Q: 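First the structure, which I've put down as structure tokens, then a few questions once you've had a look.
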Amino acid sequence: QEEVVESGGGLVQAGGSLRLSCASSGHTGTTYAMGWFRQGPRKEREFVASINWSGANTDYKDSVKGRFTISRDNAKNTVYLQMNSLKPEDTAVYYCAAGSWGASQDGYRYWGQGTQVTVSS
């Protein structure tokens, strides 16, 4: 049974930082590309960042480039999203997913339940 579980969300002031973690089980940790997506209030779920299975390739939504960093530790079956210089518009439920490389949600097969990130102004 493949499973991904997010953690690390919370409430932070604008300009602050949070690090999200995504722990995976089964083969997801080393076989699949991993992605972070988010869904803000009254918005569609959108791509945030992705990383390939080895960690050599990453991709980001334009608005988070230079502020967010995705990384993975395959020995721990864990993917991270370091979020710096947070803005109120980053407020959303953040989801971790495992699947094929890319920004399309259709390419991801396994999804976590999400973790809430709230950025106050």
Side-chain angles (χ1 to χ4, degrees):
Q1 179 81 20
E2 306 287 349
E3 185 179 24
V4 291
V5 180
E6 308 93 337
S7 62
L11 174 64
V12 63
Q13 289 188 331
S17 298
L18 280 175
R19 188 177 80 158
L20 305 183
S21 298
C22 173
S24 57
S25 62
H27 294 93
T28 56
T30 55
T31 303
Y32 293 96
M34 302 294 290
W36 285 97
F37 295 79
R38 68 186 183 187
Q39 186 168 16
R42 299 174 297 282
K43 295 182 180 179
E44 297 292 320
R45 189 162 61 184
E46 63 180 4
F47 169 76
V48 176
S50 64
I51 188 166
N52 76 328
W53 69 272
S54 70
N57 295 303
T58 58
D59 190 21
Y60 296 92
K61 176 182 174 63
D62 284 345
S63 64
V64 308
K65 286 180 180 177
R67 300 189 298 122
F68 290 12
T69 303
I70 188 171
S71 61
R72 68 189 300 163
D73 183 341
N74 286 346
K76 297 181 178 180
N77 283 356
T78 301
V79 175
Y80 304 97
L81 185 68
Q82 177 67 43
M83 305 185 295
N84 299 329
S85 302
L86 282 161
K87 304 175 181 180
E89 51 264 43
D90 294 318
T91 294
V93 177
Y94 283 71
Y95 297 91
C96 178
S100 301
W101 166 258
S104 172
Q105 297 183 49
D106 292 341
Y108 291 84
R109 182 175 181 180
Y110 303 103
W111 291 82
Q113 294 299 306
T115 186
Q116 176 70 46
V117 172
T118 302
V119 184
S120 63
S121 57

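Owing to the predicted nature of the structure, the values given are computational and were not obtained by experimental measurement. The chain is numbered in sequence order, starting from 1. Every heavy atom of this structure was used, including side-chain atoms; hydrogens, water molecules and symmetry mates were not.
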Q: List for me each residue that meets side-chain hydrogen bond (donor to acceptor under 3.5 Å, both in side chains) alongside Gln105, sequence neighbours excluded, and say none if there are none.
A: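 Only Arg45 meet the side-chain hydrogen bond (donor to acceptor under 3.5 Å, both in side chains) criterion with Gln105.
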Q: The criterion is side chain to side chain contact (heavy atoms under 4.5 Å, CB included); which residues satisfy it with Thr58, sequence neighbours excluded?
A: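 Thr58 satisfies side chain to side chain contact (heavy atoms under 4.5 Å, CB included) with Ile51, Tyr60, Ile70 only.
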Q: If you measure from OG1 on Thr115 to CG on Leu18, what distance do you get to the nearest 0.5 Å?
A: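 Separation between the atoms: 9.0 Å.
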Q: Which value, rounded to the nearest 0.5 Å, describes the distance between Arg72 atom CZ and Ser21 atom OG?
A: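 Result: 13.5 Å between the selected atoms.
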Q: Using a 4.5 Å cut-off on heavy atoms from C-beta on, say whether the side chain of Val48 contacts that of Leu81.
A: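 SC-SC contact between Leu81 and Val48 confirmed.
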Q: How about Phe47 and Phe37: are their ring centroids closer than 6.0 Å?
A: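 Between Phe47 and Phe37, the centre distance is under 6.0 Å.
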Q: Under 3.5 Å, is there a donor-acceptor pair linking the side chains of Tyr80 and Arg19?
A: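 Side-chain D/A pair, Tyr80 to Arg19: absent.
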Q: Hey, what do you get for CD (Gln82) to CG (Leu20), rounding to the nearest 0.5 Å?
A: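 Gln82 CD to Leu20 CG: 9.0 Å, rounded to 0.5 Å.
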Q: Establish, yes or no, whether a centroid distance under 6.0 Å links the rings of Tyr108 and Tyr32.
A: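 For Tyr108 and Tyr32, the ring centres are not under 6.0 Å apart.
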Q: Is there a side-chain contact between Val117 and Thr91 in this structure, where contact means two heavy atoms from C-beta onward sitting under 4.5 Å apart?
A: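 No - every pair of side-chain heavy atoms lies 4.5 Å or more apart.
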Q: Apply side chain to side chain contact (heavy atoms under 4.5 Å, CB included) to Ala14 and list each qualifying residue two or more places apart in sequence or on a separate chain.
A: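 Side chain to side chain contact (heavy atoms under 4.5 Å, CB included) check on Ala14 returns Pro88, Val119.
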Q: Assess whether side chain to side chain contact (heavy atoms under 4.5 Å, CB included) is satisfied between Tyr95 and Gln39, documenting all intermediate values.
A: CA-CA 8 Å; Tyr95 297 91; Gln39 186 168 16; 4.3 Å; yes
Q: At their closest point, which heavy atom of Cys22 faces which heavy atom of Val4, and how far apart are they?
A: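 Shortest heavy-atom separation between Cys22 and Val4 comes out as SG-CB, 3.9 Å.
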Q: Going by side-chain hydrogen bond (donor to acceptor under 3.5 Å, both in side chains), name the residues that satisfy it together with Asp62, two or more places apart in sequence or in a different chain.
A: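 By the side-chain hydrogen bond (donor to acceptor under 3.5 Å, both in side chains) rule, Asp62 matches Lys65.
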Q: Hydrophobic clusters join Ile, Leu, Val, Met, Phe, Trp and Tyr when side-chain heavy atoms are under 4.5 Å apart, directly or via other members; which others share one with Val5?
A: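 Val5 shares its hydrophobic cluster with no other residue.
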Q: What orientation do Tyr94 and Phe68 show, parallel under 30°, tilted 30 to 60°, or perpendicular over 60°?
A: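 Taking Phe68 first and then Tyr94, their aromatic rings sit tilted (interplane angle of 30° to 60°).
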Q: Without swapping roles, check the side chain of Ser104 against the backbone of Gly102 for a donor-acceptor pair under 3.5 Å.
A: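 Judged by distance alone, no pair lies under 3.5 Å.
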Q: Determine yes or no for a side-chain-to-main-chain donor-acceptor pair under 3.5 angstrom, with Glu3 supplying the side chain and Ser24 the backbone.
A: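 Checking the backbone N and O of Ser24 against the side chain of Glu3, no donor-acceptor pair under 3.5 Å is found.
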Q: Given side chains that start at C-beta, do those of Arg38 and Lys43 come closer than 4.5 Å, heavy atoms only?
A: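 No - every pair of side-chain heavy atoms lies 4.5 Å or more apart.
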Q: Which residues pass the side chain to side chain contact (heavy atoms under 4.5 Å, CB included) test with Arg67, sequence neighbours left out?
A: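 With sequence neighbours excluded, Arg67 shows a side chain to side chain contact (heavy atoms under 4.5 Å, CB included) to Val64, Ser85, Lys87, Asp90, given in chain and number order.
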Q: Can you confirm whether the side chains of Asn84 and Ser17 place a donor and an acceptor under 3.5 Å from each other?
A: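 Yes, because at least one side-chain N or O of Asn84 sits under 3.5 Å from a partner of the opposite role on Ser17.
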Q: Tell me whether Asn77 contacts the main-chain N or O of Ser25 through its side chain, where contact means a donor paired with an acceptor under 3.5 Å.
A: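 No, Asn77 side chain to Ser25 backbone: no donor-acceptor pair under 3.5 Å.
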Q: Could you check whether any side-chain heavy atom of Cys96 comes within less than 4.5 Å of a side-chain heavy atom of Met34, counting everything from C-beta outward?
A: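 Yes, close enough: below the 4.5 Å cut-off.
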